[in-house]
Amino acid sequence: MKNGAPNILLTGPTGFVGKRLLYRLDEAGLKARCLVRPPEKLILPKKLSYEPEVVYGDLLEPSSLEKAMEGMDAAYYLVHSMGGRSIRHTERFAEMDRRAASNFARAAKGAGLSRVIYLGGLGDEQDDLSKHLRSRHEVAHILQEQGPPATVLRAAVIIGAGGASFEIIRYLVERLPLMLCPKWVQTRSQPIAIENVLDYLAGCLTNQETAGRTLDIGGPEILSYADLMGIYAKVRGLSRIIIPVPVFTPRLSAYWVNLITPVPAGVVLPLAEGLKNEAVCRENSIRGLVPTHLIPMEQAICNALSEVREGPGRLLSRQSCFIGS
Ligand SMILES: NC(=O)c1ccc[n+]([C@@H]2O[C@H](COP(=O)([O-])OP(=O)(O)OC[C@H]3O[C@@H](n4cnc5c(N)ncnc54)[C@H](OP(=O)(O)O)[C@@H]3O)[C@@H](O)[C@H]2O)c1
């Protein structure tokens, strides 16, 4: 630890959350070492106040993690294995995520890290959880059981440009005046603005009381997915009709969403299967531990759209747009 600032390893810095966290940590005066699969894949849209150290690492290759962890005090785990253009790719992600989490936890423990912070998913363990949500919970347990004290933050849909769930909502509402949706669009969820997710991720690092704890994070409103699409349409001034249809299966929805949106089928299917599960905070202790202003969904969508319009430079700025501007 140099001058009291922890040495931080950031996994997933090429991803939606990880890349933004790199900038948020920089704003807080914290430097991070970036773990990337091919290092040239890390393209930063805006200069940081320092030149970040970029190291090769693949969580599925334990030998690559030793060097990446060397000298680190804390690490963020912002990784998942969903993806691929084909629905066939969805068959292996849970097993890959188990291996990735275990490799990471063991390497972190071996290297003497004192903290790990993981962003996973909401959803009740006793519920009939989708494969994706169950896998996110499994990763949490593996990190907490096999590694240094791990803070597990559990979130529902994150609203921000480039986030898979937000992009699905955006493309569907933009392109379809009339939407036939599975009945699960009426399931309750507690979406959260990306800005607030970053507040919590960064805030947990400096609050030792969050070490080793599982904390639910959510925005100020509990909404159905249909409500969320309705808010999106309102922000954009679009008139949209949503009709839930009982015969729509997650697989059918995934094929359909895949036709309408650029989000890969290997991501859409696991997310669509999770629509049936209520994703609402069951406890709110994070609000006392890391106080922040929770952004209402109308404003969060407006902020995300402003990022979409103005590109990745805007995306990394903390200023908000204002509804109607
Ligand atoms: N987006 C949401 O709405 C949302 C909601 C709730 C929770 N979360 C959680 O937030 C975390 C980050 O999600 P995200 O939306 O930022 O995902 P993302 O944009 O898809 O990024 C995933 C990251 O994981 C990296 N990765 C995957 N497998 C890896 C491996 N074997 N070794 C090293 N890196 C690997 C990817 O690197 P490559 O670029 O090399 O593929 C990428 O940087 C996840 O734990 C997710 O469950 C997200």
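For ligands, and for the atoms within them, numbers begin at 1 and follow the listed sequence. Count residues from 1 along the sequence.
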Query raised in the report: Judged by modelled atom types alone, do Arg154 and Thr214 share a side-chain donor-acceptor pair under 3.5 Å?
Result: no
Query raised in the report: Looking at ligand 1, does any of its N/O atoms fall within less than 3.5 Å of an N/O of Ile158?
Result: yes
Query raised in the report: When Arg282 is tested against each of Asp127, Asp124, Asp216 for salt bridge (Lys or Arg N to Asp or Glu O under 4.0 Å), which residue passes?
Result: Asp124
Report summary line: Among non-hydrogen protein atoms, atom 32 (N) of ligand 1 lies closest to Leu59 N, 3.0 Å
Report task. Below 4.0 angstrom from a heavy atom of Thr14, which ligand 1 atoms are there? Numbered from 1 as shown, please. Result -> 36 (C), 37 (O), 38 (P), 39 (O), 42 (C), 43 (O)
Query raised in the report: Does any non-hydrogen side-chain atom of Arg136 lie less than 4.5 Å from one of His80?
Result: yes
Query - Side-chain donor/acceptor of Ser114 to backbone N/O of Asp73, under 3.5 Å - result: yes
Query raised in the report: Take atom CD in Glu209; do more than 12 heavy atoms of anything else shown fall under 6.0 Å from it?
Result: no
Query raised in the report: Considering only the protein, which heavy-atom contact is closest to atom 23 (C) of ligand 1, and what is its distance?
Result: Leu78 O, 3.6 Å
Report task. Examine Pro13 against ligand 1 and note whether any of their N/O atoms are separated by less than 3.5 Å. Result -> no
Requested in this report: Would you check if the side chain of Asn103 reaches a backbone N or O of Leu59 as a donor-acceptor pair within less than 3.5 Å?
Outcome: yes
Query raised in the report: How does Met82 reach ligand 1, by side chain, by backbone, by both or by neither, if only non-hydrogen atoms under 4.0 Å count?
Result: neither
**Report entry** Distance from atom 41 (O) of ligand 1 to nearest protein heavy atom, with residue and atom
**Finding:** Arg37 NH2, 2.7 Å
**Report entry** atom 47 (O) of ligand 1 [closest protein heavy-atom partner, distance rounded to 0.1 Å]
**Finding:** Arg136 CD, 3.1 Å
Query raised in the report: Should the heavy atoms of other residues, nucleotides or ligands under 6.0 Å from CD of Glu174 be counted, would the total exceed 12?
Result: yes
**Report entry** Which residue and heavy atom of the protein sit nearest atom 7 (C) of ligand 1, plus the separation
**Finding:** Gly120 O, 3.3 Å
Query raised in the report: Under 3.5 Å between some N or O of ligand 1 and some N or O of Phe16?
Result: yes
Query raised in the report: Heavy atom of Gly121 under 4.0 Å from ligand 1?
Result: no
Query - Which of the ligand 1 atoms, numbered from 1, are nearer than 4.0 Å to a heavy atom of Ala156 - result: 5 (C), 6 (C)
Query raised in the report: Below 3.5 angstrom, do we get any N/O pair linking Tyr118 and ligand 1?
Result: no
Requested in this report: Check the side chains of His141 and Glu125 for a donor-acceptor pair under 3.5 angstrom, ignoring hydrogens and angles.
Outcome: yes
Query raised in the report: Side chains of Arg115 and Thr210: do they bring a donor and an acceptor to under 3.5 Å?
Result: yes
Query raised in the report: Does any N or O atom in Asp58 lie less than 3.5 angstrom from one in ligand 1, N or O only?
Result: yes
Report task. Using distance alone, decide if ligand 1 has a nitrogen or oxygen within less than 3.5 Å of any nitrogen or oxygen in Val17. Result -> yes
Report task. Could you check which of Val79, Leu119, Leu133 puts a non-hydrogen atom nearest to atom 25 (C) of ligand 1? Result -> Val79
Query raised in the report: Taking Ser189 for the side chain and Ser224 for the main chain, is one N or O donor matched with an acceptor at less than 3.5 Å?
Result: no
Report summary line: Atoms of ligand 1 under 4.0 Å from any heavy atom of Gly12, numbered from 1 in the order shown, are 23 (C), 43 (O)
Query raised in the report: Which residue holds the protein heavy atom closest to atom 13 (O) of ligand 1, what is that atom called, and what is the gap in Å?
Result: His80 CD2, 3.9 Å
Query raised in the report: Tell me, which protein residue and heavy-atom name are nearest atom 21 (O) of ligand 1, and how many Å apart are they?
Result: Gly15 CA, 3.3 Å
**Report entry** For atom 38 (P) of ligand 1, the protein heavy atom that lies nearest, with its residue and separation
**Finding:** Lys41 NZ, 3.2 Å
Query raised in the report: What is the ring orientation for Tyr232 with Phe166, classed by angle as parallel under 30°, tilted 30 to 60°, or perpendicular over 60°?
Result: tilted
